[in-house]
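Right, one structure below, let's go through it.
Chain naming here is simple, since letters A, B, ... match the order of the sequence lines and numbering starts at 1 in each.
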2 protein chains.
Amino acid sequence: MSALEDFTGTKTFSGLLGYHLRRASVLVMADLTQALEPLGLKPAEASALFVIAAAGGITQAEIGRILGIQRANMAPLMANLIKRGLVARQAMDGRSQALRLTRAGAAMHRHAMEATQAHEQRLFGHLSQPDRARMIAQLQRLWQSGED
Amino acid sequence: MSALEDFTGTKTFSGLLGYHLRRASVLVMADLTQALEPLGLKPAEASALFVIAAAGGITQAEIGRILGIQRANMAPLMANLIKRGLVARQAMDGRSQALRLTRAGAAMHRHAMEATQAHEQRLFGHLSQPDRARMIAQLQRLWQSGED
DNA sequence: TATTGTTATACTCTATAACTATA
DNA sequence: TATAGTTATAGAGTATAACAATA
């Protein structure tokens, strides 16, 4: 056991769930970023595609609320997806625009979902299905408790 | 159930552990940042104090390796803690310097640990002790698998 | 009055490169 | 050659403020 493992294994951090949550999240995001890079997608862009695929006709402001992304930051993100022909707009009323996947966007969505599932399997595959489900439920309750 | 909860509750994201890990981590870091703000500490600074308290005489490069912080980013962080009189340096050899908490630093460390424990209790107190221990063990194995 | 979409901008965090002094 | 500490800097992600158009 190296000196580094020794320290991180002491009571200094071993009792702090938030610390391990953060370190794990950093690792997972880095791996997901790599997994999506061949598709030319960033995690936030892939997430937006996932939401549109599940809820065609949704507005970008609503996607932002679901994903925790500011309206101001959704604008360039969505402009990029539209410019690349993955998402199409359709006027609902004078200020809202319904978003749908194009054919290319639907294909990209499938590839992104496959890459994401493979990534999840790679990182979390060693966990049993009940362990995974329990952790998801606990984490979801946690972050949704901060949603108002 | 609102439209937002409905979407985040669908199979789109509910099966993705990485997504919930990320959302939870963001919430936890925001809460910890607030909890430490009255002390004038940022999470990274508090973590450095924790490491020094547990391992007096350690160098800042080693702290960086433990916490996953680049050497280049440790320099201004540690300079700030020293300028505030929380940490003192002591030459080991011509290039390495042993770090120790000053009296003020030890007091700050206690306050930071108390604030952190209260924060953890506030966010994770609803989890049973076995649940908490299991989650910590699983997350730790996960992020440490990416350490080389 | 509130909301959508947008632009501009600032701030924080993190990563890279380069340098010196020393081992 | 490798490491400690430092500086400068660039990039990404996120936050705030303001605006026009519309509900």
**Request:** Starting from the C-alpha separation in whole Å, work towards a yes-or-no answer on side-chain contact (heavy atoms from CB on, under 4.5 Å) for B:Leu127 and A:Gln138.
**Result:** CA-CA 8 Å; B:Leu127 293 177; A:Gln138 290 169 341; 3.8 Å; yes
**Asked** After noting the C-alpha distance and the side-chain angles of B:Leu36 and B:Thr116, does the key distance pass the side-chain contact (heavy atoms from CB on, under 4.5 Å) rule?
**Response** CA-CA 8 Å; B:Leu36 294 173; B:Thr116 301; 4.0 Å; yes
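Closest approach of A:His109 and A:Leu101 over heavy atoms only: CB-CD1, 3.9 Å. The shortest non-hydrogen separation linking A:Thr59 to A:Ser96 is CG2-CB, 4.0 Å.
C:dA18 atom P lies 16 Å from atom CD of B:Gln70, rounded to whole Å. Rounded to an integer number of Å, the gap from CD1 of B:Ile58 to C1' of D:dT3 is 15 Å. One atom, CG of A:Asn80, and another, P of C:dT7, lie 13 Å apart when rounded to the nearest Å. Whole-Å rounding puts the A:Leu81 CG to C:dG5 C1' distance at 15 Å. A straight line from NZ of A:Lys83 to P of C:dT6 spans 14 Å, rounded to a whole angstrom. Taking atom CD of A:Glu37 as the reference point, atom P of D:dA12 lies 11 Å away to the nearest angstrom. Atom C1' of nucleotide C:dT12 and atom CG of A:Asn73 are separated by 14 Å, given to the nearest angstrom. Regarding A:Ile69, its CD1 atom lies at a distance of 14 Å from the C1' atom of D:dA12, rounded to whole Å.
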Extract from the structure each pairing of a protein N or O with an N or O of nucleotides 17-20 of chain D at less than 3.5 Å, listing the distance.
none

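Taking every heavy atom of residues 86-100 of chain A and every atom of DNA chain D, pairs under 4.0 Å involve A:Asp93, A:Gly94, A:Arg95, by number.
For B:Arg71 and B:Gln60, the side-chain atoms include no donor-acceptor pair closer than 3.5 Å.
Ranked by how close their nearest DNA chain C nucleotide is to the 5' end, A:Arg22 and A:Met74 are led by A:Met74.
Within the 4.5 Å cutoff, side-chain heavy atoms of B:Arg84 are placed close to those of B:Met108.
With salt bridges taken as basic N to acidic carboxylate O contacts below 4.0 Å, none links A:Arg65 and A:Glu147.
Interatomic distance, CG of B:Leu17 versus CZ of B:Arg22, reported as 14.5 Å (0.5 Å rounding).
Residue B:Ala75 is classed as a base contact, given a heavy-atom separation below 4.0 Å to a base.
Ring geometry for B:Phe13 versus B:Tyr19: interplanar angle under 30°, hence parallel rather than tilted (30 to 60°).
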